[in-house]
Amino acid sequence: MPYAAITGWGTALPHRILTNQDLEQMVETSDEWIVSRTGIRERHIVSGGESSTSLGAGAARAALAKAGLDAGELDLIVVATATPDDFLVSQACLIQAELGASGGAFDVGAACAGFVTALSVASQFVTGGTYKRVLVVGVDTLTRYIDYQDRGTCILFGDGAGAVVLEATEESRGLLSTVLGADGNGHKHLYVPGRTKYVANSARLVPESAAIFAEESPYMKMNGREVFKFAVQAMGDSAVEAVAKVGLSFDDIDMLIPHQANLRIIDAAARRLDLPREKVWVNIDRFGNTSAASVPIALAEAANAGALKEGANVVLVAFGAGLAWAAGVVRWGVAGVERHAAQASEPVAASATPV
Ligand code: UT7
């Protein structure tokens with residue numbers, strides 16, 4: 001049975017940067033509070049013509065270039081997003097059109113846990129032998145649903161996209177274990193009501209529903225403390241389970257790539273895995289929480305910095321709205337993928353210190 005090696009990776013970020021100092025002018029908050037409670041200093045937010053489509057396609061192009069593939073060589077595109085540009089057409093179809101690709105295209109919805117979930121779905125098409133080359137994109141533009149008068153949420157989120165290319169190999173590379181979980185009863189702790197505009201027409205037919213929807217805000221609502229408690233538990237438990245599933249111990253883990261939601265949550269997960277800080281990739285200071293884009297952006301950064309050597313064991317773990325969580329162990333590298341034979345035997349770079 002083939003494995004699904006990650007042969008390309010890339011990111012795309014909006015041009016506009018919103019700093020903590022900018023937020024100080026908008027709501028009652030301070031750089032000191034935000035940094036000490038979350039670790040975030042700035043985040044990128046969409047403006048102008050930027051969208052989930054433009055960012056997703058940008059990350060995809062970078063990943064394809066790294067893999068040395070043309071978009072036309074892809075068999076399938078799987079996109080993780082909670083913020084598609086269209087609610088009928090999948091985000092994957094919009095990105096496929098931008099890329100000029102063909103083949104299958106569909107979305108996976110698991111909010112911030114979306115990329116790891118999509119990676120597990122996409123990998124199975126490769127390991128099952130159905131497809132050879134699959135693109136996985138994690139993209140979100142959640143700032144479109146943020147109330148910039150709500151200091152409990154507006155300080156946390158940024159926009160962005162990350163993508164990886166999966167290719168078949170006979171060597172044990174790519175996603176080796178998956179842990180998915182959800183507690184649907186927790187949906188009320190993090191959600192975007194925002195149904196108002198979509199029921200406008202049906203409300204004409206069913207007038208009694210109009211009043212209910214009219215009261216709903218279009219902005220994200222979050223019970224930060226509840227999500228925080230859940231996150232610490234879910235990240236730790238699922239990461240431990242993902243490592244155990246492949247018969248490894250924590251000593252065998254070379255890098256933890258956690259969802260970048262809050263530095264305190266990341267630190268708690270690292271403690272559960274008994275990992276020193278240099279084995280935990282952290283970039284939340286520059287990007288905030290980019291939802292489904294968070295893990296692939298961090299993964300691409302770590303790879304570009306030479307921190308992931310051929311054969312390295314990398315733990316991915318994420319949690320978010322649903323409430324849902326996902327974890328997995330990835331064995332890094334391109335061994336066995338013929339087109340990448342030279343790359344696989346390149347000398348290994350020393351571990352970089354995460355930012
Ligand atoms: O992908 C999943 C997305 N969501 C998350 O990961 C969220 C997880 N939760 C968190 O990260 C944290 O709960 C927050 C960062 C949202 C909040 O941090 P906290 O340490 O849990 O603060 P808190 O909600 O317990 O609030 C403590 C105090 C409150 O004041 P009082 O009641 O003690 O007087 C808040 O009103 O901090 C106040 N506060 C703020 N102060 C300055 C809340 N937000 C802010 C702010 N600036 N932005």
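Start at 1 and go down the list; that is how both ligands and their atoms are numbered.
- The pair R43-D22 does not count as a salt bridge, with every side-chain nitrogen at least 4.0 angstrom from each carboxylate oxygen.
- Taking a cut-off of under 4.0 Å to the non-hydrogen atoms of F319, the atoms of ligand 1 that pass are 1 (O), 2 (C), 6 (O).
- A distance of 11.0 Å separates OG1 of T11 from CG of L299, quoted to the nearest 0.5 Å.
- Shortest contact from atom 47 (N) of ligand 1 to any protein heavy atom: T29 OG1, 2.7 Å.
- D159 and R144 are not joined by a salt bridge, as no carboxylate oxygen comes within less than 4.0 angstrom of a charged side-chain nitrogen.
- Shortest contact from atom 5 (C) of ligand 1 to any protein heavy atom: V227 CG1, 3.7 Å.
- Of all atoms in ligand 1, numbered sequentially from 1 with element shown, those under 4.0 Å from a heavy atom of A261 are 6 (O).
- Considering only non-hydrogen protein atoms, atom 3 (C) of ligand 1 sits nearest to N289 ND2, 3.4 Å.
- There is a path of hydrophobic side-chain contacts, each under 4.5 Å, that joins V116 to V164.
- Contact of the E301 side chain with the R286 side chain is registered, since non-hydrogen atoms from C-beta on lie closer than 4.5 Å.
- Protein heavy atom at the shortest distance from atom 27 (C) of ligand 1 is R37 NH1, 3.7 Å.
- In this structure, E50 does not pair ionically with R16, as no charged nitrogen and carboxylate oxygen lie closer than 4.0 Å.
- Close contacts between ligand 1 and R264 involve ligand atoms 18 (O), 19 (P), 20 (O) [criterion: under 4.0 Å to a heavy atom].
- Nearest to atom 30 (O) of ligand 1 among the protein's heavy atoms is R151 NH2, 4.4 Å.
- Of the candidates I265, N262, N223, N262 brings a heavy atom nearest to atom 11 (O) of ligand 1.
- Of all the heavy atoms of I34, none lies under 4.0 Å from any atom of ligand 1, so neither backbone nor side chain is involved.
- For the pair I155 and ligand 1, a heavy-atom separation below 4.0 Å is found.
- Residue pairs meeting the ring-ring contact (aromatic ring centres under 6.0 Å, His included) criterion with at least one member in residues 107-139, sequence neighbours excluded: F125-Y131.
- Close N/O approach between S30 and ligand 1 is not found [any backbone or side-chain N/O within under 3.5 Å].
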**Request:** May I have the step-by-step check of salt bridge (Lys or Arg N to Asp or Glu O under 4.0 Å) for E226 and K188, ending in yes or no?
**Result:** CA-CA 10 Å; E226 280 300 325; K188 56 186 175 290; over 6 Å; no

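- There is no protein heavy atom less than 4.0 angstrom from atom 14 (C) of ligand 1.
- For the residue pair W9 and N304, a side-chain donor N or O sits within less than 3.5 Å of a side-chain acceptor on the partner.
- Set against the non-hydrogen atoms of C112, the atoms of ligand 1 under 4.0 Å away are 1 (O).
- Aromatic rings from F319 and H259 are positioned such that their centres are separated by under 6.0 Å.
- At most 12 non-hydrogen atoms from other residues, nucleotides or ligands lie less than 6.0 angstrom from CD of Q149.
- Here is the list of ligand 1 atoms found below 4.0 Å of a heavy atom in G224: 8 (C), 9 (N), 13 (O).
- Regarding atom 32 (O) of ligand 1, its nearest protein heavy-atom neighbour is R225 NH2, 4.5 Å.
- Atom numbering of ligand 1 starts at 1 in the shown order; those under 4.0 Å from a heavy atom of T38 are 15 (C).
- Not counting sequence neighbours, the partners of L180 by the side chain to side chain contact (heavy atoms under 4.5 Å, CB included) test are T117, S120, T178, A326.
- Taking only non-hydrogen atoms, the option from K229, M220, M222 nearest to atom 4 (N) of ligand 1 is M222.
- Protein heavy atom at the shortest distance from atom 17 (C) of ligand 1 is W33 CH2, 3.9 Å.
- Close contacts between ligand 1 and H259 involve ligand atoms 1 (O) [criterion: under 4.0 Å to a heavy atom].
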